[in-house]
Amino acid sequence: MDRALMVVLVSLVVILILLGTLLVYIVARKAVENKQARRLEQLQEHYQLPLLRYLKDGAFTRLLVPEGREKTEALENLLALYAGVLRGEETNGRIAEYTELYWSERFRRRLRSRSWSVRMNTLYRIDLFRMRSLEQELLTRLNAGGLTNPEQVETFRILSSFGTKELVGQLLQSDADFSDFHCRSIVNRMDEQTFAEAMERFAELPRRWQLSLLDVIGVQRRVERLPFLEELLKGGDIELRTRSLKAMSQFSLLLPKEEYLRHADSDDWQERVMAARLFGAVRSAVYVRVLQRLMRDPSWWVRSQAAQSLLEYPEGRLLLERIVEGDEDSFARDMALEWLEKEETRGFIS
Amino acid sequence: MDSFLDGLLAFIDAFGWIIIVYMMVIIGFYLFLLVVSLVQLRRSYKLDENEPYEELLEISYTKPVSILVPAYNEEAGIYGSVRSLLSINYPEFEVIVINDGSSDGTLQTMIDRFQMVPVRKVIREQIATEPVRAVYQSRLHDNLFLIDKLNGGKADALNAGINLSRYPYFCSLDGDSVLERGAFLKVIKPILDSNEDIIASGGSIRIANGCRIESGEIAEVGLSDKPLVIMQEIEYLRAFLMGRVGLSRHNLLLIVSGAFGVFAKYWVVEAGGYKKNTVGEDMELVVRLHRMIKERKLNKRIVYVPDPVCWTEAPESMKYLRRQRNRWHRGLWESLWAHRKMIGNPKYGSIGLVSLPYFLFLELLGPVVEAAAYLLMLLSFILGGTYLEFALILLALSILYGSVLSIGAVVLEEWSLQKYPRVRDVLSLFFFALTESLWYRPLTVWWRVEGLWQLIRGKRGWGDMKRKGVSA
């Protein structure tokens with residue numbers, strides 16, 4: 001009993017002392033940090049205008065040379081702020097020029113930091129400032145291995161913006177785990193040459209990258225890839241067909257073709273949804289009858305998309321009203337009514 | 001008479017040792033969680049949080065989300081909450097307020113302030129609910145909807161919201177809470193990053209009582225000066241930063257708080273939606289999702305993200321706090337009872353072998369043991385003599401358990417998120433954490449035991465809470 005009491009009491013005292021020390025440390029640190037933050041804020045205010053003048057007109061002054069830890073930090077924060085807000089070739093060029101000149105060594109060092117969050121933050125900043133001089137360093141680190149997954153993904157995103165040659169080859173070799181979001185982000189940043197290379201090697205790429213390429217064709221409205229998409233539409237892969245239809249429905253001014261009609265008869269409801277969406281985007285009389293038929297589709301999603309697509313047509317309202325009044329299918333009537341009312345509320349709002 | 005006394009003393013001895021061992025095990029377990037959390041949180045210390053989210057904002061990348069706000073007699077706060085929701089930083093979302101048969105002016109407030117007009121909506125009734133009287137849409141914001149339905153409880157209201165929602169993900173949010181700017185993106189990011197392997201993701205809940213709120217947004221974070229509220233804040237820090245970071249790491253998480261979580265609708269519907277007539281519907285759903293994952297051998301996970309914070313109003317009086325704790329404890333029991341088959345069952349992997357037993361022995365029965373410990377301590381002091389030592393051990397252990405671990409949680413917060421700007425706030429958190437075992441801990445222990453007692457007597461339902469409306 002006595003010994004148990006001793007053990008408990010001693011450990012209690014030890015832990016309390018430990019926590020007490022921690023308290024002193026944390027409070028002291030917080031006070032110091034708060035003070036530093038205020039100082040940093042003052043400095044940022046001080047350098048704000050000169051820096052802005054340099055970024056806009058190229059008027060460089062000695063004041064902007066980063067000397068000392070505090071000043072450097074203030075300038076980096078300001079630059080990060082402006083790089084996120086200001087757009088334009090010249091401004092971006094100046095940001096890159098400035099950061100390359102003063103900070104490429106500093107960032108190289110930070111990439112080797114032992115703290116994961118410091119390394120990640122450095123990658124974000126390299127991306128933001130477009131510091132191309134670090135391209136080789138990034139490639140070396142990537143190939144050396146040992147990076148965590150988020151670091152690998154972020155590195156690839158940066159390399160994609162840099163238009164690094166061999167990016168596609170690197171991606172194919174990488175064992176990193178990419179999510180759909182990461183894939184699309186990387187593809188979205190590719191320059192013409194890299195994108196073309198990726199399209200050439202389409203068949204070799206894993207499914208995730210294929211789908212991302214198709215999505216980006218749609219998002220960036222790369223109409224020149226239409227023949228490629230149409231080729232996929234002829235193929236037997238339902239998922240690729242569906243994604244191609246989706247991409248095409250984002251193109252403007254697409255010529256109506258009879259051959260798109262057969263996707264409305266697909267066994268897969270998702271393909272029918274995308275076909276209905278495409279018909280709404282093309283807006284040609286060829287598709288009206290099919291859309292009317294899709295209003296009676298067994299799938300809720302197909303009916304909903306068909307109604308929405310019909311509303312894209314000049315006579316769409318009239319067609320939906322006619323369905324509401326006289327269609328024998330009650331699901332079609334309900335859906336038509338819902339979209340007509342949605343239209344009306346939208347009218348109120350705009 | 002003598003033999004009776006001897007028997008009693010022998011009983012106290014044996015029982016006392018059981019309690020001591022039990023408490024040491026608990027403390028060991030929590031210290032382990034504390035260390036895991038320290039390592040986890042420290043890793044992303046001062047990570048520049050805005051950078052990775054920027055690209056997410058480009059519309060083509062994000063998944064649209066339906067935000068469900070169940071409202072039962074929330075007249076005071078509903079306008080502010082909804083207004084703050086409408087301004088969140090997210091590209092595509094809809095807000096669905098579900099008026100669960102309120103008896104106050106919740107419905108009329110919504111209709112008047114947002115110019116709601118009745119619309120016809122084809123509702124896919126994927127989960128059965130109480131009848132819906134009408135669906136409204138706002139003329140001011142075309143992504144704001146209002147469901148007016150007969151009263152059926154919070155779970156039923158959420159199910160009605162799920163039925164109406166158009167988007168593949170939904171977020172459940174209490175009518176009286178305020179989201180931090182960007183919290184939404186942060187809580188959904190793991191889902192986007194994971195290729196749909198993560199089917200639910202929850203953020204942190206913090207107490208808004210001491211914060212300055214301007215037009216539905218947190219303008220300045222601060223700590224309340226009421227001891228009862230500060231103690232709750234410490235409890236939240238402890239539950240979220242210490243408990244959940246550690247548990248989430250190993251997919252052991254059992255609670256995605258009902259006040260702020262994002263779920264994949266498909267899987268929630270598959271699992272059958274929220275369970276009606278339970279007071280802990282949020283926990284029950286998560287347990288059921290875990291059960292489904294294991295039974296169907298799915299490769300899915302549920303995670304907790306510490307950084308996105310939802311600020312919510314905490315009860316400031318003993319009366320409502322007591323009701324809340326009674327209710328929480330009954331909810332915990334209901335979830336565990338409904339899934340008792342999973343407890344200790346190796347078929348359910350670590351959830352069955354670690355998480356559920358943890359909740360059963362530490363969370364549910366813990367208060368009973370602690371209450372016994374307090375009684376025993378009292379008794380030992382009275383008996384005196386050699387029992388004094390006994391009492392001291394118990395006291396030391398309870399201080400270790402209550403105060404020291406709470407201080408640990410405060411340290412954890414300062415170590416990682418640092419939401420409180422003022423040094424004063426941190427000192428005050430420390431001071432109150434130290435006093436926890438002396439007054440707050442016994443109180444909550446008592447309330448939780450009371451909750452169990454109510455269960456035995458067959459009490460159900462919610463009880464109300466007086467709200468002043470944090471975001472008004």
Side-chain angles (χ1 to χ4, degrees), chain A residues 1-2 4-5 8-9 11-12 15-16 19 22-23 26-27 29-31 33-34 37 80 84 115-118 120-121 123-125 127-128 150 153-154 157 177-182 184-185 188-189 208 215-216 218-219 250 300 303-304 331 334-335 337-338 340-342 344-346 348-349, chain B residues 17 20 24 42-48 50-52 54-56 58-62 115 117 119-122 124 137-142 166 189 192-197 386 389-390 392-394 396-397 399-400 403-404 407-408 410-411 414-415 418 420-423 426-427 430 433-434:
Chain A
M1 198 68 173
D2 276 347
L5 181 64
V8 171
L9 284 180
S11 51
L12 184 68
I15 291 180
L16 278 179
L19 286 172
L22 211 55
L23 166 70
I26 273 178
V27 165
R29 200 187 60 168
K30 190 163 192 83
E33 274 183 5
N34 279 352
S115 151
W116 177 80
S117 49
V118 167
M120 279 309 286
N121 284 344
L123 286 172
Y124 294 141
R125 289 280 155 94
D127 185 33
L128 192 63
V153 171
E154 191 53 36
R157 287 178 56 194
D177 188 14
F178 295 96
S179 73
D180 292 338
F181 164 65
H182 296 139
R184 266 196 257 178
S185 164
N188 192 38
R189 290 159 163 242
R208 184 160 293 152
D215 286 340
V216 170
V219 171
Q250 278 158 287
W300 185 91
R303 295 199 301 277
S304 181
F331 289 106
D334 279 351
M335 188 57 80
L337 195 60
E338 183 181 332
L340 281 173
E341 284 191 347
K342 214 176 265 181
E344 236 160 72
T345 358
R346 199 165 292 161
F348 277 133
I349 292 156
Chain B
W17 277 110
I20 287 175
M24 285 180 139
R42 192 62 189 182
R43 202 173 105 98
S44 51
Y45 176 66
K46 288 200 169 158
L47 186 64
D48 195 344
N50 288 318
E51 296 301 338
E54 254 177 31
E55 202 159 353
L56 269 176
E58 288 179 33
I59 191 151
S60 47
Y61 291 138
T62 44
Q115 300 190 23
V117 288
V119 286
R120 190 184 310 266
K121 280 283 278 183
V122 184
R124 294 199 302 163
Q137 186 175 18
S138 165
R139 283 192 192 181
L140 304 176
H141 310 270
D142 65 347
R166 284 180 293 176
K189 185 160 187 293
L192 301 179
D193 273 354
S194 75
N195 286 324
E196 298 168 16
D197 280 350
T386 49
E389 281 174 10
F390 211 72
L392 283 175
I393 293 184
L394 282 172
L397 278 177
I399 290 177
L400 206 60
S403 307
V404 172
I407 292 176
V410 176
V411 170
E414 256 316 297
W415 203 254
Q418 300 181 312
Y420 294 101
R422 291 191 297 253
V423 173
V426 178
L427 278 173
F430 247 91
L434 204 60

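Computed over heavy atoms, backbone and side chain alike; hydrogens, waters and symmetry mates excluded. Note on naming: letters A, B, ... go to the chains in the order of the sequence lines (proteins, then strands), and numbering restarts at 1 for each one.
- Donor-acceptor pairing under 3.5 Å is recorded for the side chains of A:His182 and A:Ser179.
- A donor-acceptor pair under 3.5 Å is formed between the side chain of B:Gln418 and the backbone N or O of B:Glu414.
- Heavy-atom distances place the side chain of B:Val426, and not its backbone, under 4.5 Å from chain A.
- Looking at A:Lys30 and A:Glu33, no side-chain N of the basic residue comes within less than 4.0 Å of a carboxylate O on the acidic one, giving no salt bridge.
- Comparing A:Leu23, A:Ile26, A:Asp215, A:Asp334 by how many heavy-atom pairs each has under 4.5 Å with chain B, the most go to A:Leu23.
- Residues A:Asn121 and A:Arg125 form no side-chain contact, since every pair of their non-hydrogen atoms from C-beta on lies 4.5 Å or further apart.
- Interface remark: A:Phe331 contributes no atoms to any contact with chain B (heavy atom separation under 4.5 Å).
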